[in-house]
Amino acid sequence: MGIQTCEVLVIGGGPAGSTISALLAQQGRDVVLLEKSRHPRFHIGESLLPLNLDLFRRLGVAEEVAAIGMPKYGVEFVSPTSDKTTMLEFSDALDKGFPSAYQVRRSDFDHVLFRNAVRRGARATERCRVTQVDFRPGGADVTARLEDGSEQAWQTKFVVDASGRDTFLASRLGFKQKDTKHNSAAIFGHFAGATRLPGRAEGNISIFWFDHGWFWFIPLQGEATSIGAVCWPYYMKTRKTEPAQFLLDTIALCPPLVERMRGARLISPVTATGNYSYSSQRSVGANYILLGDAFAFIDPVFSSGVFLAMHSAFVGAETVVTCLDHPERAPRAMKAYDASVHRGTGSFTWFIHRATSPIMQQLFLNPSNRLRMQSGLLSVLAGDIFRGTRMGVSLVAFKVVFYLFSLFNLKTALKAWRRRKQLISDADAPRAA
């Protein structure tokens, strides 16, 4: 079919890839966007953050996303040992200007972003799986397999890896690594008939802790509710049944969730996946950058995935333009991009690494706004981590309280720490579908 050329070739048409393709194409850049599947396609990660809304506005898709979204005003945490629940609302964050977000079907949401990239001028091809990238001075040679089995080659000046959990470049270049401080697996599906919260809180996400990890409960527009369990790998290895039955059996271990599921029925396939948390040793290189999950994936307990992916695309677009137009400034631009993506994941990881500890559960279930601790925490949960909002004192105070509670409950804290260390050292659960 001959060798085609482009300025920028983007691997992956999810939120990160579609966003950077739209941003670059609307600036007149010659962008090729290659997506291995065909939209709309199922994907997990349906809960968005309030700071996503500003990105939608800047991208020109705010109204389209609003049309498919279920409004989300906060997060409900449900105790694993009692009937206690706590609702935290984004309107109580330090900046009151971002009081809500959306829950979305990712098939619809990703399709909106993909169509927007095409509308802005990106040359997109679906059912096109990249199989090889060979870097050379001034660019790269990329080969992909098309839907009919034929191959197509491109010569490009710059490669953007937005391949998500496929981690195309990080895996092939050998710098993907497991998160040594966290190790989890997940199993999930969509249900109809699950009992939602009443009134305005109907679309709020609920987090249920249980002995082997935690559940998400995400109400979507219409009758569907996304429900998934994020578990330690040892638990996933106990599965002796089909994924659907295993998910139902796992839900049965969490009485508060069972109550919300009375009369509910499964309306989608159930998927199980392991090796849930990872990172890459670097996010940039000669003529390439990594966006979103292609760089790192962290436990989804705080719903940060889509926001971090799209934010990395906005910063990444500026980085690509600098590298193409001002090569002498490329090292500085790439250093700034790398710092940004590390800041994004780092803002959540301290909380994620402790999210299942009894001490952290008690702090979430019994929030205090002394020294504006609750407001600072909500600012993080809202995704307000890049705009310079002053939350340092609030977060330091929260962490001090966590360590003090751990000291006063030393036996409980040590037992939880030893158990977690043992669970992390366990081998990854096998990936299954």
Side-chain angles (χ1 to χ4, degrees), residues 10 13-29 31 33 39-40 43 45-75 89-122 124 160 162 200 203-205 218 220-221 291-292 302-321 337 340-341 343-344 347-348 378-389 391:
V10 180
S18 293
T19 297
I20 196 170
S21 296
L23 293 171
L24 291 173
Q26 71 183 7
Q27 296 181 50
R29 301 290 173 173
V31 179
L33 171 60
H39 290 285
H43 207 283
E46 299 117 326
S47 193
L48 308 180
L49 302 187
L51 268 293
N52 272 117
L53 273 62
D54 183 55
L55 301 184
F56 300 151
R57 177 188 59 79
R58 293 165 60 188
L59 198 58
V61 296
E63 292 184 2
E64 290 180 84
V65 174
I68 64 170
M70 166 71 78
K72 162 189 169 182
Y73 298 97
V75 184
E89 296 206 348
F90 299 121
S91 59
D92 293 325
L94 293 173
D95 187 333
K96 313 300 182 185
F98 299 90
S100 66
Y102 296 114
Q103 321 278 23
V104 294
R105 288 178 181 269
R106 282 290 301 276
S107 56
D108 296 335
F109 174 75
D110 289 10
H111 199 192
V112 165
L113 298 184
F114 188 81
R115 290 198 310 263
N116 183 60
V118 174
R119 191 163 59 237
R120 304 288 178 179
V160 174
R200 179 174 176 272
N204 290 0
I205 185 174
I218 300 175
L220 304 173
Q221 198 177 80
L291 304 184
F302 298 132
S303 307
S304 61
V306 171
F307 172 69
L308 292 179
M310 291 188 66
H311 185 272
S312 72
F314 273 83
V315 180
E318 297 175 0
T319 304
V320 171
V321 169
Y337 173 80
S340 176
V341 295
R343 179 181 179 183
S347 297
F348 291 95
L378 280 164
S379 294
V380 173
L381 298 185
D384 193 5
I385 56 178
F386 295 108
R387 301 185 313 125
T389 300
M391 62 182 82

Original post:
Are any of the side-chain nitrogens in Glu89 or Arg200 under 4.0 Å away from the carboxylate oxygens of its partner?
Top reply: yes
Original post:
With sequence neighbours excluded, what pairs up with Glu318 under the salt bridge (Lys or Arg N to Asp or Glu O under 4.0 Å) test?
Top reply: none
Subject >> Minimum heavy-atom distance Ser107-Pro40, with the two atoms named >> reply: O-CB, 3.5 Å
Original post:
Between Leu59 and Leu113, does a side chain to side chain contact (heavy atoms under 4.5 Å, CB included) hold up when you go through it step by step?
Top reply: CA-CA 9 Å; Leu59 198 58; Leu113 298 184; 3.9 Å; yes
Original post:
Do Val112 and Ile68 come close enough that some side-chain heavy atom pair is under 4.5 Å?
Top reply: yes
Subject >> Rounded distance (nearest 0.5 Å) linking atom CG of Leu55 with atom CE of Met310 >> reply: 5.5 Å
**OP:** State, to 0.1 Å, how close Ser21 and Leu33 come at their nearest heavy-atom pair, and which atoms those are.
**Re:** OG-CD1, 3.6 Å
**OP:** Provide the closest heavy-atom pair for His43 versus Arg106 in the form atom of the first, atom of the second, distance.
**Re:** O-CB, 3.3 Å
Subject >> Residue pair Val306 / Glu46, side-chain heavy-atom distance below 4.5 Å >> reply: no
**OP:** Using the side chain to side chain contact (heavy atoms under 4.5 Å, CB included) rule, take Ser340 and His311 through it: C-alpha gap first, then chi angles, then the decisive distance, then the call.
**Re:** CA-CA 9 Å; Ser340 176; His311 185 272; 3.7 Å; yes
**OP:** Could you go through the side chain to side chain contact (heavy atoms under 4.5 Å, CB included) check for Asn204 and Phe90 one step at a time?
**Re:** CA-CA 11 Å; Asn204 290 0; Phe90 299 121; over 6 Å; no
**OP:** With sequence neighbours excluded, tell me which residues meet side chain to side chain donor-acceptor pair (under 3.5 Å) with Arg57.
**Re:** Asp54
**OP:** Could you tell me the separation between the OG atom of Ser347 and the CZ atom of Phe302, rounded to the nearest 0.5 Å?
**Re:** 12.0 Å
Subject >> Phe114: ring pair (Phe, Tyr, Trp, His ring centres under 6.0 Å) partners, not counting sequence neighbours >> reply: His39
Subject >> Set of side chain to side chain donor-acceptor pair (under 3.5 Å) partners for Arg58, sequence neighbours left out >> reply: none
Subject >> Test log, rule side chain to side chain contact (heavy atoms under 4.5 Å, CB included), inputs Ile20 and Val10 >> reply: CA-CA 8 Å; Ile20 196 170; Val10 180; 4.2 Å; yes
Subject >> Shortest non-hydrogen contact between Gly14 and Asp110, atoms and distance >> reply: CA-OD2, 4.4 Å
Subject >> Ser312 (side chain) donor-acceptor with Ala309 (main chain) under 3.5 angstrom >> reply: yes
**OP:** Drop me the distance from Ser304's OG to Leu48's CG, to the nearest 0.5 angstrom.
**Re:** 11.5 Å
Original post:
At what distance, to the nearest 0.5 angstrom, does CE of Met70 lie from CD of Gln103?
Top reply: 8.0 Å
**OP:** Please collect all salt bridge (Lys or Arg N to Asp or Glu O under 4.0 Å) contacts where either partner lies in residues 17-29, sequence neighbours excluded, each pair once.
**Re:** Glu7-Arg29, Arg29-Asp325
Original post:
Does Asp108 have any side chain to side chain donor-acceptor pair (under 3.5 Å) partners at least two apart in sequence or in another chain, and if so, which?
Top reply: none
Subject >> Minimum heavy-atom distance between Ala122 and Ala25, given as atom pair plus value >> reply: N-CB, 3.5 Å
Original post:
Less than 4.5 Å apart, any side-chain heavy atom of Ser18 and any of Asn116?
Top reply: no
Subject >> Lys72 and Ser47: side chain donor to acceptor below 3.5 Å >> reply: yes
Subject >> Contacts of type ring pair (Phe, Tyr, Trp, His ring centres under 6.0 Å), residue Phe109, not counting sequence neighbours >> reply: Phe56
Original post:
salt bridge (Lys or Arg N to Asp or Glu O under 4.0 Å): which pairs involve residues 15-28, sequence neighbours left out?
Top reply: none
Original post:
Nearest 0.5 Å, what's the CD-NE2 distance between Glu64 and His111?
Top reply: 10.5 Å
Original post:
Which pair of non-hydrogen atoms, one from Ala124 and one from Val118, has the smallest distance, and what is that distance?
Top reply: CB-CG2, 3.7 Å
Original post:
Can you name the side chain to side chain donor-acceptor pair (under 3.5 Å) partners of Asn52, sequence neighbours left out?
Top reply: none
Please list every donor-acceptor pair under 3.5 Å in which a side-chain atom of residues 382-389 meets a protein atom from a residue at least two apart or in another chain.
unit_1: Asp384; atom_1: OD1; unit_2: Arg387; atom_2: NE; d: 2.8
unit_1: Asp384; atom_1: OD1; unit_2: Arg387; atom_2: NH2; d: 3.4
unit_1: Asp384; atom_1: OD1; unit_2: Thr389; atom_2: OG1; d: 3.2
unit_1: Asp384; atom_1: OD2; unit_2: Arg387; atom_2: NH2; d: 3.0
unit_1: Asp384; atom_1: OD2; unit_2: Thr389; atom_2: OG1; d: 2.7
unit_1: Arg387; atom_1: NH2; unit_2: Asp95; atom_2: OD2; d: 2.6

Subject >> Partner set under ring pair (Phe, Tyr, Trp, His ring centres under 6.0 Å) for Phe314, not counting sequence neighbours >> reply: none
Subject >> Test side-chain contact (heavy atoms from CB on, under 4.5 Å) applied to Pro71 - qualifying residues, sequence neighbours left out >> reply: Tyr73
